[in-house]
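Here is the structure we will look at.
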Amino acid sequence: MSAYSILRTAIEQKKAVAFTLHDKPQLGSPHALGKGDGVEKVLMYRGVDAHEKRVPAQGQWDCLAVSDLNDVKLLADEPFHQGHPDATQRAGIREVDIEL
């Protein structure tokens, strides 16, 4: 299964993913998938979100090229970040395939 397909499934099921970006292991919650500047991209909250009161989220929103992600895997037990990106982060995807 391709990285794009796994990310699409993650968005449909609201599941977090594990992946490698520039040889560094990462966790994230993908929220949108499509194209920007002719490149397949994913809008994702990268980092940990404990979903507990008084524990701030420990991550950031990024719009990443899908081709830069390796070893993408769905995570069954990791919390999915429910927040919303601002318009600046969302602007990286102009042709939306799927989004929350």
Side-chain angles (χ1 to χ4, degrees):
M1 191 180 265
S2 71
Y4 195 92
S5 300
I6 295 168
L7 292 165
R8 183 177 180 79
T9 299
I11 293 169
E12 291 169 344
Q13 297 178 7
K14 293 185 179 178
K15 298 272 187 189
V17 294
F19 59 96
T20 303
L21 177 66
H22 306 300
D23 297 323
K24 294 181 184 174
Q26 306 274 319
L27 298 176
S29 299
H31 281 249
L33 193 60
K35 285 189 177 179
D37 301 323
V39 175
E40 290 180 336
K41 292 189 176 181
V42 60
L43 176 64
M44 183 178 324
Y45 182 84
R46 289 194 303 145
V48 177
D49 187 351
H51 285 287
E52 297 175 24
K53 288 185 179 180
R54 292 179 255 126
V55 177
Q58 303 282 317
Q60 66 185 31
W61 287 99
D62 284 310
C63 193
L64 305 168
V66 174
S67 62
D68 288 343
L69 309 181
N70 295 301
D71 304 318
V72 181
K73 297 177 184 86
L74 288 174
L75 298 175
D77 298 327
E78 190 68 33
F80 186 85
H81 182 77
Q82 297 289 340
H84 301 284
D86 67 29
T88 303
Q89 290 121 351
R90 175 61 189 78
I93 298 178
R94 292 181 185 85
E95 299 172 40
V96 176
D97 179 21
I98 184 171
E99 72 180 321
L100 295 177

Do the side chain of Thr9 and the main chain of Ser5 share a donor and acceptor less than 3.5 angstrom apart? yes
Sub-4.5 Å side-chain heavy-atom contact between Lys41 and Cys63: yes
From His84 atom NE2 to Leu100 atom CG, the distance as rounded to the nearest 0.5 Å: 9.0 Å
Can you see which heavy atom on Ala16 is nearest to which on Ser29, and at what distance? CB-OG, 4.2 Å
Shortest non-hydrogen contact from Ala3 to Val72? CB-CG2, 3.8 Å
Over all heavy atoms of both residues, which pair between Pro30 and Val42 is shortest? Give the atoms and the distance, please. CB-CG2, 3.8 Å
Distance (rounded to the nearest 0.5 Å) between Asn70 CG and Lys24 NZ: 14.5 Å
Below 30° counts as parallel, above 60° as perpendicular, anything between as tilted: where do the rings of Tyr45 and His81 land? parallel
Of all the heavy-atom pairs spanning Phe80 and Ala10, show the shortest one and how long it is. CE1-O, 4.5 Å
Side chains of Arg90 and Trp61, heavy atoms from C-beta outward: is any pair under 4.5 Å? no
Does Leu64 offer a backbone N or O that forms a donor-acceptor pair with the side chain of Asp62 under 3.5 Å? no
Taken in chain and number order and not counting sequence neighbours, the residues that satisfy side-chain hydrogen bond (donor to acceptor under 3.5 Å, both in side chains) with Asp97 are Tyr4, Arg8
Inter-residue atom distance Asp37.CG - Arg94.CZ, 0.5 Å rounding: 4.5 Å
Please walk me through it: do Lys73 and Asp71 pass side-chain contact (heavy atoms from CB on, under 4.5 Å)? CA-CA 6 Å; Lys73 297 177 184 86; Asp71 304 318; 3.8 Å; yes
Can you find a heavy atom in the side chain of Ile11 that is under 4.5 Å from one in the side chain of His31? no
Report yes if the side chains of Leu27 and Glu78 come closer than 4.5 Å at any heavy-atom pair, otherwise no. yes
Using the rule that two of Ile, Leu, Val, Met, Phe, Trp, Tyr join whenever any of their side-chain heavy atoms come within less than 4.5 Å, decide whether Ile98 and Phe19 are in one cluster. yes
May I ask you to test the Leu43-Leu33 pair for a side-chain heavy-atom distance under 4.5 Å? no
side-chain contact (heavy atoms from CB on, under 4.5 Å) with Leu69: which of Thr20, Ile6, Leu7, Val17? Leu7
Roughly how far, to the nearest 0.5 Å, is the CD atom of Gln26 from the CZ atom of Arg46? 4.5 Å
